[in-house]
Amino acid sequence: MSSSLRSRIAIPIIFYLSIVMIITGVATTLYLNHLYLDSTYKNLLSNAKILASLLADPNTQVTAEDIKHWSDSLGERITLIDRSGIVIQDSHKDPFQMDNHLNRPEIQQAIKEGIGFAQRHSQTLGIEMVYVAIPIQSNQGQIIGYLRIALPLQQLRNEQKSLIGTLIASLVVVIAITMLLVIHTARHATRPLEEITRSIAKLSSAGFTSDWKPKLSPAEHSIEIDHLIEAFDYLTEQIHAQIQALEQERNKISAVLQEMTDGVLIIDREGVIQLANPAVAKMLNLSDQNFIGKTISQVLSHPQFVESWQRTRDSKETQTSLIEIQPKKLYIQCMTAPLETIAQGTILMLLQNLTRQRYLETVRRDFISNISHELRTPLASLKALTETLQEGALDDPPAAHKFLMQIEKEVDSLSHMVSELLELSRIESGQVPLRLKPFSPYEILQKAVDRLGIQADRAGLKVVIDCDPNTPQVLADPSRLEQVVGNLFHNAIKFTPAGGQITLSAKPQNGNVLFCVADSGIGIPPEDLPRIFERFYKTDRARASGGTGLGLAIAKHVVEAHGGYIWAESIESQGSKFFFVIPQA
Ligand code: ADP
């Protein structure tokens, strides 16, 4: 567990200092004890010596009162013992009740060494005593007895105790003062570090941009602290520069990802999506765009996406698959590659929308097959006609004339097709300039009816114009717009059985004019509806009709060149409605 620097400095110092002080205290106490005992012995000895010299004088008569008197004034027990160990006088006890003292350790030592010391339990008084005994010698040097002076040990102990108490009290005071001093010093020493830590914490929360310098008093600036501040200052600048560089990089990458039309996903080894750009949701028409943290199977419900991811995860190899999503009719190329540089098992998934390419490929293929088909029929018929002529029909003038007429019709239809194709490509490439002028929608519809009304009549169809003559004018090239209405009207006549009705209408709508050519004819199958504006596209039912399949393609290009748009609605066997919108003048 980590602890503060302050306590790391203070606690060991206080600990070691306390140990040193306690050891010193104990040693001092032991020494003082020894010194005290020593001085007590010396004191007892000097008193004993004085009394012994007094007792050695043969003229001195010592009574029990004298002994008692000396004992009281010295505060010590005095015992007088004769050579044989019999107690003659004792300041604290009746000598007749006392046993022979010759074997007392202090007396034995005094006999052998001249001075006897002992610290022991007194059999007479029943307490711990300190004894000093010396022999009493006559003038001739003969031992006439022994003098023993004693002091209760308890008295000594009490004095020692008060000495130790004073010592412990002063030790405690010294340790307490030391503790306060050490804590104060440690706090003073660590304050700059705490201030620096606070400033650094603020700095990192501000993204290494703010001025982080800690507020330190001059006294808190030491060489080490100044070096630390300098080093950190340098580090901050470096980090700031690196963060900026990283942010720029990240912004670039995020801008690329945001704008990319391809979908990008980063998936971890558990299948959880770590990153996804907006193109994914857009491409797959997903309403929920919040993918991060969800699993791939939750987001990309099509099993092939999950399979592709699993294969790459297991094989660590790049996989590419083309996924067709029904009913959205989407063709998505899914590329999965291992991205081990980020983390083990991470996989990059790239989604490319190939629906448009697929569609264009189909259109191109159909276009070629349609144009071949359109050319083959008249060419085959021309070939048959010329062969018939060669094989002898030339000699039959009426038949030859009939065949020539047919040849002319086929050539006309071919040249009509070629001129329509040419016109379409000229409109597409913008080579046909539009001569725009304000023009009445009603007039356009009227002119179409004037031109094609007879055909409709012959086909047994009723034609209705549903348009207010005062409908706002459109800004258009009249001849081109007549061509559009003409094409739609012509189709309506072609694909409506006798007895049906064709309605041509125009009405203002949001600053535009909405034109409509509606018929009650055969209608268009739903699967063909999105494709009828393609070049040469014909529904199966229209294959036999004489058209080229270019009329609607031309109409679409003309309308779009005017800044408008065209579409069709139809219910099979009930009729079709072709709408187009042209801006008002
Ligand atoms: P076409 O010269 O064959 O009429 P278009 O481009 O004008 O060529 O039309 C393309 C195809 O669209 C037609 O062949 C037909 O199948 C379908 N179509 C166009 N108009 C109608 C309509 N009013 N009713 C039914 N089908 C139509």
Side-chain angles (χ1 to χ4, degrees), residues 362-364 366-378 409-410 412-428 445 448-449 451-453 455-456 459-466 480-505 515-561 565-580:
T362 318
V363 169
R364 193 178 54 84
D366 289 357
F367 172 71
I368 291 168
S369 100
N370 288 342
I371 197 168
S372 326
H373 177 80
E374 289 303 322
L375 289 173
R376 202 180 320 120
T377 318
K409 213 176 125 199
E410 293 296 350
D412 278 353
S413 119
L414 268 177
S415 69
H416 175 71
M417 191 167 80
V418 170
S419 64
E420 270 196 330
L421 252 181
L422 269 176
E423 175 152 359
L424 181 63
S425 75
R426 281 172 61 218
I427 298 169
E428 265 183 326
L445 300 183
V449 174
R451 201 150 53 85
L452 297 166
Q455 264 189 53
L461 300 169
K462 189 180 166 202
V463 178
V464 179
I465 293 183
D466 175 17
R480 293 276 159 208
L481 220 52
E482 276 165 29
Q483 188 184 7
V484 173
V485 178
N487 283 359
L488 298 181
F489 193 17
H490 190 234
N491 281 346
I493 296 168
K494 263 200 301 193
F495 299 111
T496 307
Q501 176 175 315
I502 297 170
T503 311
L504 294 99
S505 65
F515 290 85
C516 178
V517 178
D519 63 57
S520 57
I522 61 169
I524 303 163
E527 63 274 15
D528 291 320
L529 205 54
R531 302 198 57 189
I532 50 171
F533 293 97
E534 291 168 21
R535 279 169 282 185
F536 293 110
Y537 196 85
K538 287 182 180 179
T539 63
D540 286 340
R541 286 181 71 180
R543 290 258 168 252
S545 77
T548 56
L550 290 169
L552 287 180
I554 292 173
K556 181 172 184 274
H557 279 95
V558 171
V559 169
E560 285 174 0
Y565 47 94
I566 188 166
W567 74 99
E569 291 170 7
S570 179
I571 298 173
E572 228 183 331
S573 315
Q574 287 188 26
S576 311
K577 283 181 184 170
F578 283 81
F579 300 92
F580 68 93

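Just so you know, these numbers come straight off a predicted model, no measurement behind them. Just follow the structure's listing: the first ligand is 1, and inside any ligand the first atom is 1.
Residue L550 approaches ligand 1 through these ligand atoms, each under 4.0 Å from one of its heavy atoms: 6 (O), 8 (O). Near S576, meaning under 4.0 Å from any of its heavy atoms, are these atoms of ligand 1: 22 (C), 24 (N), 25 (C). Close approach to Y537 involves these atoms of ligand 1, each under 4.0 Å from a residue heavy atom: 10 (C), 11 (C). Which parts of ligand 1 touch L552 is read off a 4.0 Å heavy-atom cut-off, strictly below it: atoms 5 (P), 6 (O), 7 (O), 9 (O), 10 (C), 12 (O), 19 (C).
Under a 4.0 Å heavy-atom criterion, H490 is not in contact with ligand 1. Using 4.0 Å as the threshold, G549 has a heavy atom nearer than that to some atom of ligand 1.
Between the side chain of D519 and the backbone N or O of I502 there is no donor-acceptor pair closer than 3.5 Å. Looking at S425, its side chain does come within 3.5 Å of a backbone N or O of L422 through a donor-acceptor pair. Without hydrogens or angle criteria, S570 side chain to G523 main chain gives no donor-acceptor distance under 3.5 Å.
On a distance-only criterion, I524 and ligand 1 share no N/O pair closer than 3.5 Å. For ligand 1, the polar-atom distance check finds an N/O of T539 within less than 3.5 Å of one of the ligand's N/O atoms.
The residue among F495, F489, F578 with a heavy atom at the shortest distance from atom 24 (N) of ligand 1 is F495.
We find the NZ-CG distance between K556 and N487 to be 14.5 Å, quoted to the nearest 0.5 Å.
Across all their heavy atoms, L552 and F533 have their closest contact at O-CD2, 3.7 Å. Counting all heavy atoms, side chain and backbone alike, K538 lies closest to G549 at CE-N, 3.8 Å. Shown here for L550 and M417, the closest heavy-atom pair between the two residues is CD1-O, 3.9 Å.
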